[in-house]
Amino acid sequence: MPAPLASALLDWYDAHARTLPWRAAPGTSAPDPYRVWLSEVMLQQTTVAAVKSYFAEFTRRWPTVTALAEAPEGEVMAAWAGLGYYARARNLLACARVVAARGGVFPDTEDGLRALPGLGAYTAAAVAAIAFGRRAVVVDANVERVVSRLFAVAEPLPGSRPAIRRHADAITPELRAGDFAQAMMDLGATICTPRSPRCLLCPLSASCAARKTGEPERFPVKAAKKPKPQRNGRAFWIARNGAVWLVRRPDKGMLGGMRALPDDGWSAKGDGSGEAPVSGSWEPGGTVAHGFTHFGLDLDLLIYRGNDWAGLGAEQGEWWPVERIDEAGLPTLFAKAARLALVSTGVEA
DNA sequence: TACTCGTGGCC
DNA sequence: TGGCCAAGAGT
């Protein structure tokens, strides 16, 4: 018999669960672990709205974990372009290959899942509970918010995480732990929202300590965050015979493994050098303002008007057809810069 | 532990 | 309109 709180939440979930592409239809058999895993990785720090089209495209191109495991890395990275946190894509493929090597069967325990690339404490618990019916304590940002309100946790995040986990453990039922986790996340996404929580619609309002304070939106308490530095950098548009010079970024670091315009080495730690990859005349092509999580970047685009191609070797990059630039899989920053270049070179209005 | 790592939507 | 926020993981 579940505790009253879990029971009330599951009743609410049975009536109000969101319909999402990676969820099994109500009353049907257990969901496909591949789809659960894929969706959970895509949803890490990413909104449902942003994930939907990527999930549809990935499952269309790679319907099984074995199919994904056989995909070339470049195709997977390009398919992930725009979704952000690109280490996820590398780990996704690495994980798929591990699972494929064991017959395409995911481990069905939390510990087994936790050992896979890209599965941390949250994702391992979520897949164990949702795909395999295991009791696991699933704690994401929604659960942190809901729990910190239910118990009016006064200590600020992230220091309060151990206490929040203990509270979450205490209210997680033995049965339907996967539904319970998804119910907590749906509640956090639709009712117990960061601002202006809709307590009048909440199935747990009678048990909520934060509501009793009259200011539930004050929870979770959070530590002050560091100011974001502002950086300047350059990206370079070098076009020749309808093709543009693209490089592949190193696997480690920002936008790792992604195709990109050459740049001058800007980073979170400092401005770029200003140095161009080839000598000759350059013309300003405009500026892209882009906000990363931990710094802001003003990226000046420079367009090449010279004809000295000697410094561009095939081991450093590739000529990519300008009319197919959308298929290059550029991360959003460079996609914006490419759009600017197309405007200022008159290729596109 | 604290830092790094994207992006788009929201008010 | 700019800071806040999102189904976190890796180091």
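Just so it is clear: chains get the letters A, B, ... in the order the sequence lines come, proteins before strands, and each one is counted from 1. Note that the structure is a prediction, hence the values are computed from the model and not measured.
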For A:Phe106, all residues meeting ring pair (Phe, Tyr, Trp, His ring centres under 6.0 Å), sequence neighbours excluded: A:Trp37
Quick note, A:His294 side chain, CB onward, closest among C:dA6, B:dT4, B:dT7 is B:dT4
OP1 or OP2 of B:dT7 sitting under 4.0 Å from any side-chain N/O of A:His290? yes
Roughly how many Å is it from CZ in A:Arg231 to P in B:dC5, rounded to a whole number? 12 Å
Starting from C1' on C:dC4, measure out to NZ on A:Lys225 and report it in whole angstrom. 6 Å
Under 4.0 angstrom, heavy atoms only, what part of the nucleic acid is A:Arg18 near: base, sugar-phosphate, or nothing? base
Among side-chain atoms of A:Glu40 and A:Tyr122, is any donor-acceptor pair under 3.5 angstrom? yes
Do we see a donor-acceptor contact under 3.5 Å between the side chains of A:Gln182 and A:Arg23? yes
Ignoring the backbone of A:Lys222, work out which of C:dC5, B:dG6, C:dA7 is nearest its side chain. C:dC5
Does A:Arg211 have any side-chain hydrogen bond (donor to acceptor under 3.5 Å, both in side chains) partners at least two apart in sequence or in another chain, and if so, which? none
For atom C1', what is the distance between C:dC4 and B:dG6, given to the nearest Å? 15 Å
Please report, rounded to the nearest Å, how far the P atom of B:dG6 is from the CG atom of A:Leu297. 13 Å
Partners meeting ring pair (Phe, Tyr, Trp, His ring centres under 6.0 Å) with A:Trp319 (sequence neighbours left out): A:Trp245, A:Trp309
Counting just side-chain N and O atoms, does A:Ser39 come under 4.0 Å of either OP1 or OP2 of C:dA7? no
Ring pair (Phe, Tyr, Trp, His ring centres under 6.0 Å) partners for A:Tyr85, two or more places apart: none
Assess whether one donor atom and one acceptor atom, taken from the side chain of A:Arg161 and the base of B:dA2, lie less than 3.5 Å apart. no
Taken in chain and number order and not counting sequence neighbours, the residues that satisfy ring pair (Phe, Tyr, Trp, His ring centres under 6.0 Å) with A:Phe236 are A:Trp282
What residues, two or more places apart in sequence or in another chain, satisfy side-chain hydrogen bond (donor to acceptor under 3.5 Å, both in side chains) together with A:Gln230? A:Asp298
Counting only side-chain nitrogens and oxygens, does A:Lys269 get under 4.0 Å of the OP1 or OP2 atom of B:dT4? yes
When the distance from CG of A:Leu299 to C1' of B:dG6 is rounded to whole Å, what number comes out? 15 Å
Give, ordered by number, those residues of residues 184-196 of chain A having at least one heavy-atom distance below 4.0 Å to an atom of DNA chain C; if nothing qualifies, reply none. A:Met185, A:Pro194
Can you sort out the partners of A:Glu327 under side-chain hydrogen bond (donor to acceptor under 3.5 Å, both in side chains), two or more places apart, ordered by chain and number? A:Arg324
Mind listing the N/O atom pairs, protein and nucleotides 8-11 of chain C, below 3.5 Å?
{"from": "C:dG8", "atom 1": "OP1", "to": "A:Ala141", "atom 2": "N", "distance (Å)": "3.2"}
{"from": "C:dG8", "atom 1": "OP2", "to": "A:Gln45", "atom 2": "N", "distance (Å)": "2.8"}
{"from": "C:dG8", "atom 1": "OP2", "to": "A:Gln45", "atom 2": "NE2", "distance (Å)": "3.2"}
{"from": "C:dG8", "atom 1": "O5'", "to": "A:Gln45", "atom 2": "N", "distance (Å)": "3.3"}
{"from": "C:dA9", "atom 1": "OP1", "to": "A:Gly120", "atom 2": "N", "distance (Å)": "2.9"}
{"from": "C:dA9", "atom 1": "OP1", "to": "A:Thr123", "atom 2": "N", "distance (Å)": "2.9"}
{"from": "C:dA9", "atom 1": "OP1", "to": "A:Thr123", "atom 2": "OG1", "distance (Å)": "2.6"}
{"from": "C:dA9", "atom 1": "OP2", "to": "A:Ala121", "atom 2": "N", "distance (Å)": "3.4"}
{"from": "C:dA9", "atom 1": "OP2", "to": "A:Tyr122", "atom 2": "N", "distance (Å)": "3.3"}
{"from": "C:dG10", "atom 1": "OP1", "to": "A:Gly118", "atom 2": "N", "distance (Å)": "2.5"}

Would you mind reading off the distance between A:Leu255 atom CG and B:dT7 atom C1', rounded to a whole angstrom? 11 Å
Quick one: A:Lys52 NZ to B:dG9 C1', roughly how many Å, whole number? 14 Å
